[in-house]
Amino acid sequence: MAVTYKKLFHMLIDRNMTPAQLQQEAGYSANISTRLRRDSYISLESVEKICRVLDCKVDDIVDFIPYKEK
């Protein structure tokens, strides 16, 4: 399965918050921000930090997309 964080970025826009502000408030590294933009996996610890800052659930910010069968 692949992962996408489009929901997260839409939520940030709705809350008038930049990814840099989220990074600072949640206390994660710039590397995590890059991984989010690239729809790469991040640790559950980082997801938890984001959810705490945004007061949301995991499924509010992450979508899992099944790989297409060949």
Side-chain angles (χ1 to χ4, degrees):
M1 280 198 177
V3 65
T4 182
Y5 302 99
K6 288 180 184 179
K7 286 178 163 183
L8 169 62
F9 291 105
H10 287 286
M11 183 181 286
L12 291 177
I13 291 168
D14 291 343
R15 295 182 183 203
N16 199 27
M17 184 179 211
T18 67
Q21 289 171 319
L22 177 62
Q23 177 183 335
Q24 184 177 6
E25 288 187 36
Y28 57 79
S29 70
N31 181 44
I32 298 299
S33 292
T34 300
R35 294 180 68 77
L36 289 168
R37 282 192 306 275
R38 293 181 180 172
D39 286 334
S40 299
Y41 286 100
I42 61 171
S43 71
L44 188 56
E45 180 183 3
S46 297
V47 171
E48 181 183 356
K49 289 178 181 180
I50 292 168
C51 288
R52 284 185 185 196
V53 168
L54 296 176
D55 190 30
C56 66
K57 296 182 276 186
V58 174
D59 62 341
D60 293 332
I61 61 169
V62 179
D63 266 334
F64 293 96
I65 304 167
Y67 291 123
K68 292 183 180 179
E69 293 184 25
K70 295 181 182 181

Distance from C56 atom SG to I50 atom CD1, nearest 0.5 Å?
8.5 Å

For residues 7-19, which residue pairs pass the salt bridge (Lys or Arg N to Asp or Glu O under 4.0 Å) check, not counting sequence neighbours?
K7-D63

Does I13 share a hydrophobic cluster with L54, counting links as ILVMFWY side-chain heavy atoms below 4.5 Å and allowing steps through other members?
no

Identify the two heavy atoms, one from Y5 and one from D39, that lie closest to each other, and give their separation to 0.1 Å.
N-OD1, 3.0 Å

Partners of K6 by side chain to side chain contact (heavy atoms under 4.5 Å, CB included), sequence neighbours excluded?
T4, H10

How long is the straight-line distance from CG of D59 back to CZ of F64, given to the nearest 0.5 Å?
9.5 Å

What do the steps show when you test L8 against D60 for side chain to side chain contact (heavy atoms under 4.5 Å, CB included), and what is the final call?
CA-CA 7 Å; L8 169 62; D60 293 332; over 6 Å; no

With sequence neighbours left out, what residues match R37 under side chain to side chain contact (heavy atoms under 4.5 Å, CB included)?
F9, S33, T34

Are more than 12 heavy atoms from other residues, nucleotides or ligands located less than 6.0 Å from atom CD of Q24?
no

Is the shortest side-chain heavy-atom distance between T18 and L12 below 4.5 Å?
no

Checking S40 now: which residues fulfil side chain to side chain donor-acceptor pair (under 3.5 Å) with it, not counting sequence neighbours?
none

Sequence neighbours excluded - side-chain hydrogen bond (donor to acceptor under 3.5 Å, both in side chains) pairs with any residue from residues 48-57:
E48-R52

So, for R35 and I42, which heavy atoms are closest and what is the spacing to 0.1 Å?
CB-CG2, 3.8 Å

Side chain to side chain contact (heavy atoms under 4.5 Å, CB included) against E25, all qualifying residues, sequence neighbours excluded
M17, V53

Here the pair of heavy atoms bringing S29 nearest to Q23 is C-NE2, 3.6 Å

